[in-house]
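Written below as structure tokens is the structure these notes are about.
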Amino acid sequence: MTEVALRPVDDSDLDALFEQMRDPESVRMAAFVARNPADRAAFDAHMAKIRTSPEVTIRAVTADGRLVGSVGSFVVDGDTEVTYWIDRHFWGRGIAGRALALLLESVRVRPVFGRAASDNVRSLRVLQRAGFAIVGTEIAFAKARNAEIEETILRLDEPA
């Protein structure tokens, strides 16, 4: 079984995280991404901001000691939301689910929300397995698809 762990994001992680977050298939599935995933200056500025924000928890995800993505929480309009990004080469191995469970052990705020493009079945499954329940949908502009799409909103009320 793969050992999944979380640790603080180091400067040495940024090159790999940037590459993961601009993978075309990953970007399409995530749908709601940076204006230009290939803009390294914007990525670096965003990472510098979130790594120092008291309203953000961001962690590197490792699998058997190897950096494979990131997981975090942030506050929007008073609501805490979770996010995760796993290198596409590691999809389907339960890493996102384990990373989310580990994050939820340290982020004790409830309720906490998750969102995913409604056609991103795998991401919705990760959230539901962590105990999140679907509470609604909305139509929002997805930069990665240059279109308005349906986004599913999920909520977790109790500790996992």
(request) Heavy atoms only: give me the nearest Ala16-Leu67 pair and the separation to one decimal. (result) CB-CD2, 3.7 Å
(message) Are more than 12 heavy atoms, taken from residues, nucleotides or ligands other than Glu3, located less than 6.0 Å from that residue's CD atom?
(response) no
(message) Applying a strict under-4.5 Å side-chain criterion to I, L, V, M, F, W and Y, I'd like to know whether Val56 and Phe18 cluster together.
(response) yes
(message) One pair to check against salt bridge (charged side-chain N to carboxylate O under 4.0 Å, His left out): Arg51 and Asp11. What are the steps and the verdict?
(response) CA-CA 10 Å; Arg51 288 171 67 194; Asp11 289 345; 2.9 Å; yes
(request) Measure across Thr80 and Ser73 and return the closest heavy-atom pair with its distance rounded to 0.1 Å. (result) CG2-CB, 4.1 Å
(message) Assigning hydrophobic clusters by single linkage (Ile, Leu, Val, Met, Phe, Trp, Tyr; side-chain heavy-atom cutoff under 4.5 Å), is Tyr84 placed with Phe74?
(response) no
(message) Is any side-chain heavy atom of Met21 closer than 4.5 Å to one of Pro37?
(response) no
(request) Check whether any side-chain heavy atom of Ile95 lies under 4.5 Å from a side-chain heavy atom of Val68, and answer yes or no. (result) yes
(message) To the closest 0.5 Å, what do you measure between CZ (Arg145) and CZ (Phe32)?
(response) 7.5 Å
(request) Could you tell me whether Asp44 and Lys49 have a side-chain N and a carboxylate O separated by less than 4.0 Å? (result) no
(message) Show, in sequence, the C-alpha distance, side-chain angles and deciding distance for Glu158 and Arg110, and conclude whether the salt bridge (charged side-chain N to carboxylate O under 4.0 Å, His left out) test is met.
(response) CA-CA 7 Å; Glu158 298 298 323; Arg110 298 294 184 269; over 6 Å; no
(request) With rounding to the nearest 0.5 Å, note down the distance linking CD1 in Ile134 to CD1 in Ile153. (result) 10.5 Å
(message) Are Leu104 and Val82 packed together at the side-chain level, in the sense that at least one heavy-atom pair is separated by less than 4.5 angstrom?
(response) yes
(request) Walk me through it: do Leu154 and Val135 pass the test side-chain contact (heavy atoms from CB on, under 4.5 Å)? (result) CA-CA 5 Å; Leu154 302 95; Val135 294; 5.8 Å; no
(request) Can you spot which of Val61, Val71, Val126 makes a side-chain contact (heavy atoms from CB on, under 4.5 Å) with Ile86? (result) Val61
(message) Please find the pair of heavy atoms, one from Trp85 and one from Ala30, that lie closest to each other, and give the distance.
(response) CZ3-CB, 3.6 Å
(message) Which heavy atom of Val33 sits nearest to which heavy atom of Lys143, and what is that distance?
(response) O-CD, 3.4 Å
(message) For a quick test of reading the model, state the closest non-hydrogen atom pair linking Ala60 to Pro8 and the distance between them.
(response) CB-O, 4.2 Å
(message) With a 6.0 Å cut-off (strictly less than), is the heavy-atom count around CZ of Arg7, excluding the residue itself, greater than 12?
(response) yes
(message) Tell me whether Asp39 contacts the main-chain N or O of Asn36 through its side chain, where contact means a donor paired with an acceptor under 3.5 Å.
(response) no
(message) Nearest 0.5 Å, please: how far is CG in Asp119 from CD in Glu150?
(response) 9.0 Å
(request) Indicate yes or no: at least one non-hydrogen side-chain atom of Val109 is less than 4.5 angstrom from one of Val112. (result) no
(message) Any carboxylate oxygen within less than 4.0 angstrom of a Lys/Arg side-chain nitrogen, looking at Asp15 and Arg40?
(response) yes
(message) If I take atom CD from residue Glu151 and atom CG from residue Leu124, how far apart are they, to the nearest 0.5 angstrom?
(response) 10.0 Å
(request) Verify the cluster assignment for Met29 and Ile149: are they in a single hydrophobic cluster under the rule of side-chain heavy atoms below 4.5 Å apart? (result) no
(message) Using 0.5 Å steps for rounding, measure from the CG atom of Asn120 to the CZ atom of Arg115.
(response) 14.5 Å
(message) When you group the ILVMFWY residues by side-chain heavy-atom contacts below 4.5 Å and let the links chain together, are Val9 and Phe43 in the same group?
(response) yes
(message) Please say yes or no: joined through hydrophobic side-chain contacts below 4.5 Å, possibly via intermediate residues, are Ile50 and Leu17 part of one cluster?
(response) yes
(request) Can you measure from CD (Glu105) to CG (Leu100) and round to the nearest 0.5 angstrom? (result) 10.5 Å
(message) Using only atom types and a distance under 3.5 Å, with no angle test, would you say the side chain of Asp10 pairs donor to acceptor with the backbone of Asp13?
(response) no
(request) Using atom types as modelled and distance alone, determine if a side-chain donor or acceptor of Thr52 lies under 3.5 Å from a backbone N or O of Ala48. (result) yes
(request) Search all heavy atoms of Leu102 against all heavy atoms of Ala5 and return the closest pair with its distance. (result) CD1-CA, 4.1 Å
(message) Does either side chain, that of Thr152 or that of Ser118, offer a donor lying less than 3.5 Å from an acceptor on the other one?
(response) yes
(request) Using a 4.5 Å cut-off on heavy atoms from C-beta on, say whether the side chain of Asn146 contacts that of Phe141. (result) yes
